[in-house]
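Letters A, B, ... are given to chains in the order of the sequence lines, protein chains preceding strands, and every chain is numbered from 1.
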Amino acid sequence: MDVKTTILNLPEEEFVNPGTRACSGCGLGIAYRIALKALGKNTILVVPPSCLTVLQGLYPIASTKLACINVTFASTAAAASGILAALDVLGKKDITVVGFAGDGGTSDIGLQALSGAAERGENFIYICYDNEGYMNTGVQRSGTTPEGAFTTNTPIFGKTQPQKNVPAIMAAHNIQYVATCSSAYPLDLYDKIKKAKELQGTKYIHIHTPCPPGWGFDPKDTVRVGKLAVETGIFDLYEIECGGFRLTGASAKLIEKRKLRPASEYFRAQSRFKIMSDGLIKKIQEQIDARWEAHFEAED
Amino acid sequence: MGTRECNQITSAGEPGPGDGGKTGSWRVLRPVIDPSICIPARKNIAACFICWLYCPDCTITRTIPPTIDYEYCKGCGICAEECPTKAITMVEESGFISEENK
Amino acid sequence: MEKDIINISWHGRGGQGAITAAKIVATASFQTGYTGVVMVPTFGTERRGAPVMTSLKISKEKIYDLSPIENPDIAVVLDYLLLDEINIVEGLKQGGILVVNTPKPSDSYTYNGIRVATADITAIADESGLAYGMVNSGIIGAFAKASSLIDIDVLANAIREEFKDRKPEENARAALVTYERTIINYGD
Amino acid sequence: MHTIESGNTAAALGVKLARAQVIAAYPITPQTPLTEKLSEFIESGQMKAAYIPVESEHSALAVCIAASTAGARAFTATSANGLLYMHEQLHWAAGARLPIVMCVVNRGVGAPWTVWNDQQDSISQRDTGWIQIYINDHQEIIDTTIKAFRIAEEVNIPVMVCYDGYILSHTYMPFDVPDQKSVDRFLPPYKPENCLDPNAPTNLNSVTLPDVRTNIRGELAHGYMELRYLLQEDLRKSIDVITTIEQDYKKIFNRGEGACLEEYRCEDASFIAVGMGSLAFHLRVAADALRKEGIKVGVVGIRLYRPFPDEAVSFALSKADGVIVFEKAISYGYMGPLCSDITSALYKDANPPFVHNYILGIGGRTIKTDALIDAIRNSCSRPEGSDTADSLRWIGLKI
């Protein structure tokens, strides 16, 4: 997908009020703001416990200007299905139903409900913002925490298992649309959500959202770290539509360049990888290179 | 007056700013835009707006020139970091406080 | 209250339709003035081919005891081979009735103090144009003849209603023919 | 119109007549035939509703919670471990004040596995803030299912309609099916208290603070504790609402019993046997037999278990010399939960009746009329032991 939206035609209307409880430099803050611009007013959000619950505001004040229902941790996709069913029987059309959950709520506790809803082909967008850990509860490991990362419950050796590939799991459900994006590339993110909004069926969007306190970098570097993840080939921007895989935006540009930045640049920018050995960095670099070699070959 | 008058039986939050209070007080460094370097300010055209695009807190306007809502800006510094012309500098907040206290 | 309840146990194999037969009799009983009708299928998982028992209690008054029947007044057996597998007769009350679908002659079944009604319903069903082994409508004819509790025509109509999408006339005919051919052995 | 059908079908017909709009369920014995029937009604066009075949009970209630919030009349049903798997969602539904109706087809809970009846499943969920009604027979299943929607929607509290697995769910009995027009007269369409509306956006069930907080208009809004107080207050008030709704139903359909409890031959009773569900009816047979022996026995069937109608219970029981409570559940380490509630309701009496407590029918153990008769006959004097928990007895135990 080519980036169609530019900064100049990105809608000016904001759906988030200033003064939220999100941390300074929050990657989710950027992603959420842009995602809501793409979704627009006629949206119902379904949110499980996560950093977003806090960002959205404590009763009786809501930071978000859209209708939202908070639900239990494991039930985002099921609750979204319930909203769809109700809107359907009540004859309310043209409302976009969106599950907006973190990586813990998606890859771990919410996966069963998400898989069920995707298998039923529920007509909603599921957005997973991936800050690679349980940040709201104080940085514990999740299914998407990368190998080698320090978390508060992998305090000495870091996580010793590779991360779970949730977009691939969702693609295996043969749903309408799977896309990955990053808070560092808001226009790519905006276009993908916009596109998902127009499609019928289940749509899954996975957003990489760097987290300054959880990952250990200065808040000013949220965008820089997000871009590094893409430019090193660690996090790929792509979309899978009707089974067809395609790199997009900054990741597609890497194909043209045929050159990735070294993964160590990304790891060294974050204190959570301080304990990572050179050997592990080398191993991961080899995995990235192999994956990208396949991308290059597919292109040829 | 008690809470019965609010007439709610469950939590239904209503949209409004400042759920987290005046989050401008979180700031250690204040982003300051130099209009002589800032592209839209200098050229007086709608352009760039990278700072607006990336602000996680909806505190920068998409105006000519862009303005920053210091009541809520948390001072993360993303705008300064990402500004292509380095028109935004992060300035010690303590200086402004002593200024305002004068 | 208890003594006014007529207890009927229905024995068949999973998938044979004993529950449907009991339900038809339940419906006809209610239509003919039995206010209290309680039909209790086997509790638990029913497996095709395995023996199943359904209890039917009928009474002129509302029934408050829903527990399964232990000592039936009437036992209805859809497959005579079940008599060798499970002890049906022992539980029957003295003076009770045993209704059996069997190809054997009626004098093969003699029990002290038990009236036995037999008919080769498997054959009658076949004659009536039903698929092989469809005996749950026919057995109702034998039940009617042996018990004289409910008029056979009321039962035949209840059969037509229950089987309205699955050969209603053939099913009713099976019951009516069985009614005529049922042999009652009054025992001692 | 009278029909002879299973208890599960009676419930399904009630849900259909109540015009439930969103149904979500996951299969579990002995509930399954109920929601199978509903899917049949919907697929055949006899019922206009959405049926969501979810992947778990947790999700079934999640669907109902969301659908109810979005303005649809929602229904689900479950049993045993399915209900326990919903536990978190039960609190959520009540806390969010959603008028969901659920049939609980009572079954013992694992481990070890049992598919047969007792009431441990729903009784163990009594403190989730739901209204719980226990049912005696099929007529009550269909009637109460309809009434439950009206109760739930008037007080904004979810309702569990509990009936015994197999004993009622799979048993066939005659019952009258009310006509749709009369049901529509009794039960108006659902108007949600808080609706998810993009045109009037709110953030529902968001984090709520320990203390009160000012809203955007400067009014004082609840803290978490105020919301919990309101749920308790509204549950207590609901006893009167339920009574009124019972009377309304009786006016239209010319049947119905006490909203809170049902008394049988209690006027002159020296001893009153108490039970819930089908057991309450079974006890009537024992009472009749004992009266023939000259022992004046009455029966009180508790229908409304939460909110607990302590005043009505105390009024009905305090005139007897002895109360014998029969239960299919146990509060492990103490006594039967119903007995515990009853003794506490009787405590304010100056001269309360003595109380016996029996546990029976656990995991589907057959309850024999003779055993009930013996138990009552043996309970006509003050129990031995220092308190009721000490004197707890089990019926039919072969240990």
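Side-chain contact check for B/D19 versus A/L55: every heavy-atom pair is 4.5 Å or farther apart. Annotation: side chain of B/L53 is in contact with side chain of A/L187 (closest heavy-atom distance under 4.5 Å). Side chains of A/T64 and B/P15 form no contact here, defined as non-hydrogen atoms less than 4.5 Å apart. Side chains of B/R62 and A/L8 form a contact here, defined as non-hydrogen atoms less than 4.5 Å apart. No side-chain heavy atom of B/E81 sits under 4.5 Å from any side-chain heavy atom of A/V223. Side-chain contact between A/T20 and B/K74 is present, with heavy atoms from C-beta onward closer than 4.5 Å.
In terms of heavy atoms, A/P18 sits closest to B/T59 at CB-CG2, 4.1 Å. Here the shortest heavy-atom pairing between A/Y59 and B/G13 reads CD1-N, 3.8 Å. Scanning all heavy atoms of the two residues, the minimum distance from B/W26 to A/S24 falls at CZ3-N, 4.2 Å. Pairing each heavy atom of A/K227 with each of B/E82, the nearest pair is NZ-OE1, 3.6 Å.
Scanning residues 43-53 of chain A against chain B with a 4.5 Å non-hydrogen threshold yields no residues.
Heavy-atom distances place the backbone of B/A47, and not its side chain, under 4.5 Å from chain A. If you measure heavy-atom distances from B/C48 to chain A, the contacts under 4.5 Å come from the backbone alone. Proximity to chain A is limited to the backbone of B/T10, based on heavy atoms less than 4.5 angstrom apart. In this structure, the portions of B/I50 lying under 4.5 Å from any heavy atom of chain A include both its backbone and its side chain. When heavy atoms are compared at a cutoff of 4.5 Å, B/Q8 approaches chain A solely by way of its side chain, counted from C-beta outward.
Once rounded to the nearest 0.5 Å, the distance linking OG of A/S63 with CG of B/D57 reads 10.0 Å. To the nearest 0.5 Å, the span separating OG1 on B/T61 from CD on A/E12 amounts to 8.5 Å. Taking CD1 of A/I7 as the start and OH of B/Y54 as the end, the distance is 7.5 Å to the nearest 0.5 Å. Between the CD1 atom in A/I30 and the SG atom in B/C76 there is a gap of 7.5 Å [rounded to 0.5 Å].
Within 6.0 Å of the NZ atom in B/K86, the count of heavy atoms belonging to other residues, nucleotides or ligands exceeds 12.
Among A/C68, A/G19, A/G27, the residue with the largest count of heavy-atom pairs under 4.5 Å with chain B is A/G19. When A/L10, A/V54, A/L28, A/L66 are compared by the number of non-hydrogen pairs under 4.5 Å with chain B, A/L10 comes out ahead. Between chain A and the residues B/G21, B/G75, B/C55, the largest count of heavy-atom pairs under 4.5 Å involves B/C55.
In this structure, A/R33 is positioned above the aromatic face of B/W52, its NZ or CZ under 6.0 Å from the six-membered ring centre and within 45° of the axis.
The pair B/E14-A/K65 does not count as a salt bridge, with every side-chain nitrogen at least 4.0 angstrom from each carboxylate oxygen.
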